[in-house]
Amino acid sequence: MLVTEYDVGPGAYGVALAADGAVWTSLTGRGELARVGPDGQVSRIRLDNGQSRPMVLARGPDDVIWFSRGDGRIGRTDPDGTVSSVPVLTPAGSPYGLCAGPDRTLWYTLMTADRIGRISLDGGSEEFSLPAGSMPALITAGPDGALWCTLNQAGAIGRITPAGEIAAYPLPTAGAAPVGIHAAGGAVWFAEIGAGQIGRISPDGRIEEFPLPDRSCRPHAVAATPDGGCWATLWAASSAVRLDRDGGLAEEISFPPGSEPHGIALGPDGSVWVALETGSLAHLTP
């Protein structure tokens with residue numbers, strides 16, 4: 001694949017695609033967001049708090065980009081370019097993962113509070129408790145109408161229904177420390193950063209694990225593909241890989257050493273966007 005890099009500034013972490021074709025990333029250490037327009041032009045937005053630590057981005061149920069902030073708030077980018085934010089119910093819990101839910105609310109995880117919450121478009125919010133020490137990381141809407149999340153310190157995958165019913169599925173590999181998770185094509189894929197594996201869980205809780213050639217590659221984020229496979233960023237290996245629907249390694253794209261790839265997202269045209277912490281958004285096209 002052809003790799004085109006856009007200089008957005010150091011600290012690029014999350015990545016999400018907007019309805020207008022723009023691609024957004026968070027510059028965590030700078031307290032900024034960066035946007036790459038459909039024309040390739042890069043712009044940056046400074047947040048109201050330089051220590052806000054923007055992290056994960058997601059396209060919300062209202063079709064605009066939302067993002068988690070380490071200062072206990074969830075941010076929102078308005079179509080006119082202005083940015084606003086709302087506090088979560090447990091602001092000390094470190095908001096992290098985000099996704100749009102099937103109930104037209106925005107779901108989020110609180111890593112240090114062991115809670116999952118949701119914000120409705122009318123401003124209402126609600127949170128649900130997880131077992132102590134779970135450390136929920138990323139979250140995704142599954143093919144079964146439920147939300148699925150990685151429980152990093154519990155070594156498990158969590159499932160929560162819009163009604164608040166919670167279940168956890170322990171991973172077979174000890175010390176897996178799952179982080180990234182994403183659903184598409186009827187499959188829920190996740191990354192085991194501690195084990196050098198990519199996993200998949202079915203709606204009935206059946207888990208498959210696929211070891212990567214370099215078990216020290218530290219897989220971080222995943223993006224499921226419509227054909228049943230997935231892409232994943234390998235943070236320590238400075239690369240991104242594609243797995244087919246059977247879990248086989250189908251492709252690997254290498255970035256310059258030390259690039260530290262984190263967030264990843266698929267475009268509607270099948271291209272791939274990767275946030276490189278060294279300061280760029282990489283666009284992978286056939």
Side-chain angles (χ1 to χ4, degrees), residues 14-19 23-24 55-68 74-77 86 88 95-111 115-122 124-128 130 134 136-152 156-169 178-191 198-208 220-233 243 245 263-268 272-273:
V15 60
L17 277 69
V23 183
W24 290 76
M55 300 290 288
V56 176
L57 302 97
R59 190 163 154 182
D62 52 357
D63 260 352
V64 300
I65 300 299
W66 293 72
F67 57 97
S68 58
I74 303 294
R76 179 182 185 274
T77 63
V86 295
V88 298
Y96 184 64
L98 287 180
C99 77
D103 53 355
R104 284 194 54 77
T105 65
L106 186 82
W107 286 77
Y108 61 89
T109 65
L110 294 170
M111 292 184 71
R115 297 171 75 82
I116 293 174
R118 64 180 165 193
I119 298 173
S120 61
L121 296 181
D122 62 6
S125 58
E126 187 176 15
E127 291 181 0
F128 306 92
L130 297 169
S134 297
L138 292 176
I139 188 168
T140 188
D144 56 347
L147 290 303
W148 294 79
C149 67
T150 48
L151 304 180
N152 180 268
I157 302 300
R159 179 183 183 272
I160 182 169
T161 68
E165 300 166 336
I166 295 173
Y169 301 91
V179 179
I181 191 168
H182 187 243
V188 180
W189 290 87
F190 55 90
I198 302 298
R200 180 171 58 197
I201 186 168
S202 62
D204 62 2
R206 183 172 60 91
I207 293 171
E208 301 171 273
H220 177 79
V222 294
T225 56
D227 62 2
C230 78
W231 281 88
T233 54
L243 274 63
R245 63 182 303 113
I264 188 169
L266 300 184
V272 184
W273 290 86

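What you see below is based on every heavy atom in this structure, not just the backbone, and it leaves out hydrogens, waters and symmetry mates.
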message: Run T150 and I157 through side-chain contact (heavy atoms from CB on, under 4.5 Å) and show every step you take.
response: CA-CA 5 Å; T150 48; I157 302 300; 3.9 Å; yes
Audit row: R59, I65, side-chain contact (heavy atoms from CB on, under 4.5 Å) steps and yes/no: CA-CA 5 Å; R59 190 163 154 182; I65 300 299; 4.2 Å; yes
task: Test W107 against R118 for side-chain contact (heavy atoms from CB on, under 4.5 Å), laying out the working first.
output: CA-CA 4 Å; W107 286 77; R118 64 180 165 193; 3.2 Å; yes
- request: Verify side-chain contact (heavy atoms from CB on, under 4.5 Å) between N152 and V179, making sure each step is shown before the conclusion.
  value: CA-CA 6 Å; N152 180 268; V179 179; 3.5 Å; yes
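The side-chain heavy atoms of L138 and V56, taken from C-beta on, include a pair separated by under 4.5 Å. L121 places a side-chain heavy atom less than 4.5 Å from the side chain of P61. In this structure the side chain of V88 never reaches within 4.5 angstrom of the side chain of S125, judged on heavy atoms.
Across P268 and L17, no two heavy atoms sit closer than the pair CD-CD2, 3.9 Å. When all heavy atoms of A232 and V222 are compared, the closest pair comes out as CB-CG1, 3.9 Å. Pairing each heavy atom of T140 with each of A183, the nearest pair is OG1-N, 3.2 Å. Nearest approach of I74 to S68, heavy atoms of both residues: CD1-CA, 4.1 Å. Nearest heavy atom pair, residue P143 against residue P203, reads CG-CG, 4.2 Å. Shortest non-hydrogen contact noted between E126 and Y108 is O-OH, 4.2 Å.
With hydrogens and angles disregarded, a donor-acceptor distance shorter than 3.5 Å links the side chain of W189 to the backbone of G229. Although no hydrogens or angles enter the test, the distance criterion places a donor-acceptor pair under 3.5 Å between the side chain of R200 and the main chain of R245.
Other residues, nucleotides and ligands contribute over 12 non-hydrogen atoms within 6.0 Å of the CZ atom of R76.
Taken to the nearest 0.5 Å, the CZ atom of F128 stands 9.5 Å off from the CZ atom of R115. In this structure, OH in Y169 is found 11.5 Å from CG in L151, a value given to the nearest 0.5 Å. Taking SG of C149 as the reference point, atom CD1 of I116 lies at 3.5 Å (rounded to 0.5 Å). Taking SG from C99 and CG from L147, the interatomic distance works out to 5.0 Å, rounded to the nearest 0.5 Å. Note: I119 CD1 to E127 CD = 8.5 Å, rounded to the nearest 0.5 Å. In this structure, I181 CD1 and I201 CD1 are separated by 7.5 Å, a value rounded to the nearest 0.5 Å.
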